[in-house]
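Notes to accompany the following structure.
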There are 2 protein chains.
Amino acid sequence: MAPINRPEKARTSTFLPAGHDHIQCQRQALRAAEQQCQLDKVRLTPLRREVLELIWQNHRPVKAYDLLDRLKVNHPGAVPTTVYRALDFLLEHDLVHRLQSLNAFIGCGTPGDPHRGQFLICRQCGTVAELQNTDLHQQITEQAAGLGFQVDNETIEIFGACADCQRT
Amino acid sequence: MAPINRPEKARTSTFLPAGHDHIQCQRQALRAAEQQCQLDKVRLTPLRREVLELIWQNHRPVKAYDLLDRLKVNHPGAVPTTVYRALDFLLEHDLVHRLQSLNAFIGCGTPGDPHRGQFLICRQCGTVAELQNTDLHQQITEQAAGLGFQVDNETIEIFGACADCQRT
DNA sequence: AAGTATAACGTTATAATGTTACGTTTTTCT
DNA sequence: AGAAAAACGTAACATTATAACGTTATACTT
Ligand SMILES: [Zn+2]
Ligand SMILES: [Zn+2]
Ligand SMILES: [Zn+2]
Ligand SMILES: [Zn+2]
């Protein structure tokens, strides 16, 4: 009997990719960002790239002023505007998302596919997973349309406990 | 042939209740709040009541410091803590909601029924409608559960153009 | 009714988050 | 090379929110 060999790709986003090579993950995110910027003909300058790299150091939301502190290490003289300008760029080009409930930012796993994210946020460990539930989006759009409302942007941020943290 | 007489009550929440008696609407909201507080055995003090009344002056989100300015009229000596403490109380008892994307607050139309709101927010006129789409809630909870995530709170804020503002 | 505990509020200071305005440098385009 | 636009530096400031501590009002017990 042939062993069942589930292809990795068949899994849709899990909350925390188990046993996940984050160095690789971060590297890939930066590569994807570079490619996307080339396509869009916009400039991922060293400063912007460095901010994006800092954001991708983990899967937890980062606050602007934390980012600023970390940016200062390689970049003394950085001030709030420095960070906010980079963030504005990254947001505008869908390389990061803003988590409104946290005043924080997180890397986007699927740039190039314009979307406002849907997020699961673990209260305990702070890990965030981004969903892409088109049914959900659809349902919202339809209900809104039923009320004569035309949607142009949605913020969906779900708090709770991730699988790991529930065991605690 | 008898005229069709659609009962008003059959309509579920519209975006902006057409030709709506807001004085009455505000009064009713305050009465509901009083009742709810009695039930919960908590105190809707004059200060808290006044803040709630200010919040209910319209169906648009209010910012804390605007609230503060307006509160000062009848209540000189009010300071940020004054407002934030009242807001904390009102939030805790589900008499108002916080709109995370706006750092603003809005009265809750259905206190006593614990829920995190789903909001439609018109970018142009600023009017907000609160939805109670249980299917939506259900769908989110289920998808999260599928990822081992246990939901305890959701923020859903949808921006766009309301029916009135689309005509412009 | 007096005494005690708790909740609400006053007061001051400060922290955290985000923006404006303006000038200089770098990059792009002709 | 020269002009235009984008990116960045710099300083000041605006907005949003909380901490800490003391006082007053309310509720609860005896
Ligand atoms: Zn990773
Ligand atoms: Zn967790
Ligand atoms: Zn009304
Ligand atoms: Zn409108």
Side-chain angles (χ1 to χ4, degrees), chain A residues 33-34 37-55 60-93 95-106 126 155 157, chain B residues 33-34 37-55 60-93 95-106 126 155 157:
Chain A
E34 276 158 5
C37 286
Q38 275 203 331
L39 268 174
D40 294 355
K41 300 199 206 300
V42 294
R43 296 170 52 212
L44 187 63
T45 63
L47 196 50
R48 289 164 176 175
R49 206 197 120 98
E50 191 170 344
V51 169
L52 186 57
E53 197 172 342
L54 290 173
I55 289 174
R60 269 171 260 123
V62 200
K63 313 221 88 190
Y65 277 71
D66 288 353
L67 216 42
L68 175 55
D69 288 341
R70 294 205 260 139
L71 187 60
K72 277 178 177 161
V73 175
N74 284 330
H75 208 284
V79 290
T81 17
T82 315
V83 164
Y84 281 106
R85 280 204 282 233
L87 286 171
D88 284 347
F89 172 88
L90 297 171
L91 287 167
E92 187 175 357
H93 295 96
L95 301 174
V96 310
H97 290 290
R98 180 191 181 101
L99 296 173
Q100 303 283 7
S101 346
L102 296 175
N103 293 333
F105 303 86
I106 192 154
T155 293
E157 298 172 8
Chain B
E34 276 157 5
C37 286
Q38 275 203 332
L39 269 174
D40 294 356
K41 301 200 205 299
V42 293
R43 295 170 54 210
L44 187 63
T45 63
L47 197 50
R48 290 163 176 175
R49 208 198 118 99
E50 191 171 345
V51 169
L52 185 58
E53 196 172 342
L54 290 172
I55 289 174
R60 268 170 261 122
V62 200
K63 313 222 87 187
Y65 278 71
D66 288 352
L67 216 43
L68 175 55
D69 288 341
R70 294 205 259 140
L71 187 60
K72 277 177 177 161
V73 174
N74 284 330
H75 208 287
V79 290
T81 8
T82 315
V83 165
Y84 281 106
R85 281 205 279 232
L87 286 171
D88 284 347
F89 172 88
L90 297 171
L91 287 167
E92 187 175 357
H93 298 287
L95 301 173
V96 309
H97 291 290
R98 181 192 179 98
L99 297 172
Q100 304 283 6
S101 346
L102 296 174
N103 292 330
F105 304 85
I106 192 154
T155 293
E157 298 172 8

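Note on naming: letters A, B, ... go to the chains in the order of the sequence lines (proteins, then strands), and numbering restarts at 1 for each one. The figures here come from the full heavy-atom set of this structure, side chains too, leaving out hydrogens, waters and symmetry mates.
- Residue A/Y65 has no polar side-chain atom (N or O) positioned under 4.0 Å from OP1 or OP2 of C/dA16.
- Checking the phosphate oxygens (OP1, OP2) of C/dA16, no side-chain nitrogen or oxygen of A/K63 falls inside 4.0 Å.
- When each of B/P80 and B/R43 is assigned the nucleotide of DNA chain D bearing its nearest heavy atom, the one mapping closer to the 5' terminus is B/P80.
- Across the interface with DNA chain D, nearest-nucleotide mapping of A/F89 and A/V79 shows A/F89 to be the residue nearer the 5′ end.
- The side chain of A/N103 places no N or O atom within less than 4.0 Å of a non-bridging phosphate oxygen (OP1 or OP2) of C/dA16.
- The number of heavy-atom neighbours closer than 6.0 Å to CD of A/Q38, taken from other residues, nucleotides and ligands shown, is 12 or below.
- Nearest to the side-chain atoms of A/F105 among the listed nucleotides D/dT16, C/dG18, C/dT28 stands C/dG18.
- Following rounding to the nearest Å, A/L67 (CG) and C/dA16 (C1') show an atom-to-atom distance of 15 Å.
- Atom CG of B/L68 and atom C1' of D/dA17 are 12 Å apart (whole Å).
- B/K63 places a side-chain N or O within donor-acceptor distance of the main-chain N or O of B/L102, the cut-off being under 3.5 Å.
- Rounded to whole Å, the distance from CG on B/L44 to P on C/dA7 is 17 Å.
- An OP1 or OP2 oxygen of D/dG9 is reached within less than 4.0 angstrom by no side-chain nitrogen or oxygen of A/T81.
- Atom P of nucleotide D/dC8 and atom CG of A/L71 are separated by 11 Å, given to the nearest angstrom.
- In this structure, B/H93 NE2 and B/C37 SG are separated by 6.5 Å, a value rounded to the nearest 0.5 Å.
- The side chain of A/R48 approaches D/dC8 more closely than any other nucleotide in the set C/dA8, D/dC8, C/dA21.
- Of all nucleotides listed (D/dC8, D/dT10, C/dA8), D/dC8 comes nearest to the side chain of A/T45.
- To the nearest angstrom, C1' of C/dT17 lies 13 Å from CG of A/L102.
- Rounded to whole Å, the distance from CG on B/D66 to C1' on D/dA14 is 13 Å.
- Side-chain atoms of B/E157 do not come within 3.5 Å of backbone N or O of A/T155 as any donor-acceptor pair.
- In this structure, B/R85 reaches the bases: a heavy-atom distance under 4.0 Å links it to at least one base atom across the strands shown.
- A straight line from NZ of B/K41 to P of C/dA7 spans 16 Å, rounded to a whole angstrom.
- Among the nucleotides D/dG9, D/dT18, C/dG10, the one closest to any side-chain atom of B/L47 is C/dG10.
- Computed from coordinates, the B/D69 CG to D/dT16 P distance equals 11 Å when rounded to whole Å.
- To the nearest 0.5 Å, atoms CD (A/E50) and CZ (A/R70) are separated by 10.5 Å.
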